[in-house]
Amino acid sequence: MMRWLGRLAALLVAALLLLAMQWTTPVYDEMVAAIPSGGQIGDTVAARKFTIKVETIQFARQLRFEAYGKEEVRDTSGLWAIVTATLAARSETMTVNDAYWEGPTGLLYSHSNRLAGVRPLLAGALLQPGLPRRGWFIFEIREDQARGATFVAPNAGLAPLDSIVRVRLGAGGAGALPILDSLDLDRMPGAIE
Amino acid sequence: MTTAEPPDEAATALVPTDSGERRWRRLSLWGLLLALPVTFLLAARGHLEDWWQAQELFEQSVPAGSEIRFAGADWRLETVEVLPLEQSGWPRRQGQGTPVRVRFAVTVRDPGIDVLWRRCRVSLRDDQGHRWSAGSFGGPRSTEGSMTCGAATLEPRAPGTVLQIEQDFTVPNDAAATVEPTVSMDGERPWYLRFRRGG
Amino acid sequence: MVWLTTGVGGFLAAGLVLVMTIASYRTDQPVPKLPLGPPIEAGEWRVVPLSARIATTTPDGRKVRDGQKALVVEMELTNRTAASSNSFGRLLTLDPSVGAEDRPTYMLLRDQDLLWEVHPDMTERVAAVWTMPQGAAVPPVLTLAVHTSDYKRRDNLWGMSGWYNPHVLGTLDMPVQAADPA
């Protein structure tokens, strides 16, 4: 009798263990997710092949720039977020092809493709070791995603188990966000070109 | 497993328990420790070969001024020159860095250059482990008839042809004097050449 | 009796396959008609079709090639997913196809240029442009098929999350405005 109870108890424990393991198995996305290196604005955050230092963020409702000899104006239904950062390759020539603005609720905004011809854009720019580059990542976001966001680079989905950087962009002050009505990129200081 | 076992249980139990059988079962379990990794390695053989082919692991140092046989040709470093900023067509990004042009004189010895030189990689290295990859400037070539390593593989080259292989780089100003060119290609990787710069 | 208990797994499997095969032969339900006007929730996208017209220039100002004309369908497009997406290519198809290409080109009317992507929860006015030979007959009321897919937190193969099972949500009838005489 004791033997039977013992065996039944062992069976139940094994079943519970298996069930617990099945319920707590991470989703495939999480298992092969990239390994993040975190930091804040002003920190130099290091990934495997590059380091980044996010310096400032500005918001504007409209961007103006000159490209290929023409004046261009870009409007948006939300906000333009201009992140000024310094990127440096660590040991090899490389490019950071993607960057994302992750809002406080987890929405991912990829860097804007509407700004062809703006020279100081860092996404896709060639980085040589020993020659850090200062430039911009420009995103088009909803106004309610501006505070408490995270800057993520490069693409977490294309870098399984590789390292990505996640830079916390801060919650901003309690007051209203400083949003410019229109920003002329050619006249903006800070980026070298 | 059970507390009390009648003496004849061993003969009528479901699983035979004589010592010879037990020894073989144990050996088989230990054998798994060997069999499983070997199976994985065999299944991944293609990937491992590709990985091995793509790594630059073993350096073959070339003293300054000498020639060496590599991937079916004789390689000699001609110059590592710093280009003038203006006329080289250097895409002046951010006003920093120095354009450097490397030129090799290569005498073809093997007719199969277009296969041996696949995925040819010429880069500049310093002694701290930094590696600069070749870029391309838009400007004119400094020598008539020079080409990049990749362009040399576009058609078969007859043995005896002398090729001028030229590649352009952007390196920091202070590294321009000390960087050393390295060459690697599918035909010889994981061995690669590193050309030392003499005095 | 022994056969039934030992083979119960096999019998169940065979029975299940039989039921599924019979079920797969049922006639599909007719594709529903979607009303023109209210927003259409189509999986990853929320679309409000606005107008359709035949034109000789695409919305980026370029003229269509000689011997061709363009069908321009304007709409408001919102990305319902949590990441910027460019999967609007298979959102709308012409049903029946009137000799036009399979996938239209999407243009952002704000920039009057190609649409690269739409960001999460941001609505943009876009135009889907089909180019077709000049002689292709476009009916006065165009039928568009709206495609949708379902979100699965874990899919059946890898357990990855994504939008799977693309199918037709319904069809839409849009009156085509006459081409402006060029």
Side-chain angles (χ1 to χ4, degrees), chain A residues 1-11 14 32 46-53 55 68 84-97 116-137 160-162 185-186 188-193, chain B residues 1-6 9 14 47 51 54-57 82-83 85 89-102 120-138 148 150 167-182 184 192:
Chain A
M1 184 56 199
M2 281 313 297
R3 243 170 49 196
W4 276 108
L5 273 181
R7 282 188 183 155
L8 193 62
L11 197 64
V32 294
R48 182 171 63 98
K49 286 182 123 182
F50 67 97
T51 61
I52 185 169
K53 187 165 94 149
E55 293 170 19
Y68 309 119
T84 308
T86 305
L87 272 183
R90 288 178 81 173
S91 60
E92 280 184 5
T93 310
M94 55 100 53
T95 45
V96 174
N97 284 313
V118 177
R119 299 292 258 340
L121 285 180
L122 287 177
L126 195 62
L127 301 169
Q128 305 279 2
L131 296 174
R133 280 180 81 147
R134 187 150 174 265
W136 305 320
F137 289 100
L161 296 180
D162 203 347
L185 288 178
D186 298 318
M188 206 171 114
I192 315 166
E193 192 69 33
Chain B
M1 296 236 276
T2 53
T3 44
E5 226 171 331
E9 186 112 10
L14 274 173
H47 295 290
W51 176 83
Q55 300 296 107
E56 292 177 359
L57 294 174
V82 173
L83 295 176
L85 298 181
W90 182 51
R92 194 193 174 96
R93 291 266 171 261
Q94 311 228 299
Q96 20 172 350
T98 313
V100 172
R101 180 166 283 168
V102 174
C120 175
R121 270 189 240 148
V122 182
S123 47
L124 288 179
R125 291 186 203 232
D126 67 359
D127 46 11
Q128 283 152 9
H130 294 139
R131 206 182 89 174
W132 288 268
S133 302
S136 64
F137 306 157
T148 61
Q167 306 265 182
D168 301 328
F169 303 85
T170 306
V171 297
N173 303 333
D174 47 3
T178 53
V179 285
E180 295 174 335
T182 66
S184 74
Y192 67 99

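Protein chains get the first letters and strands the later ones, always in sequence-line order, with residue 1 at the start of each. Computed over heavy atoms, backbone and side chain alike; hydrogens, waters and symmetry mates excluded.
- Contacts between residues 121-129 of chain B and chain A, counted as heavy-atom pairs separated by less than 4.5 Å, involve B:G129.
- B:W132 places no side-chain N or O within donor-acceptor distance of the main-chain N or O of A:E92, the cut-off being under 3.5 Å.
- Of all heavy-atom pairs between B:H130 and A:R90, the closest is CD2-O, 3.3 Å.
- Legend: residues meeting side chain to side chain donor-acceptor pair (under 3.5 Å) with A:T86, ordered by chain and number and at least two apart, are A:E55.
- Within the structure, salt bridge (Lys or Arg N to Asp or Glu O under 4.0 Å) pairs that include any residue of residues 171-181 of chain B comprise B:E180-B:R194, B:E180-B:R196 (at least two apart or interchain).
- Summarising the geometry, atom CE belonging to A:M94 is positioned 11.0 Å from atom OG belonging to B:S133; distances are rounded to the nearest 0.5 Å.
- Remark: A:D162 pairs with A:R48 by the side chain to side chain donor-acceptor pair (under 3.5 Å) rule, at least two apart or across chains.
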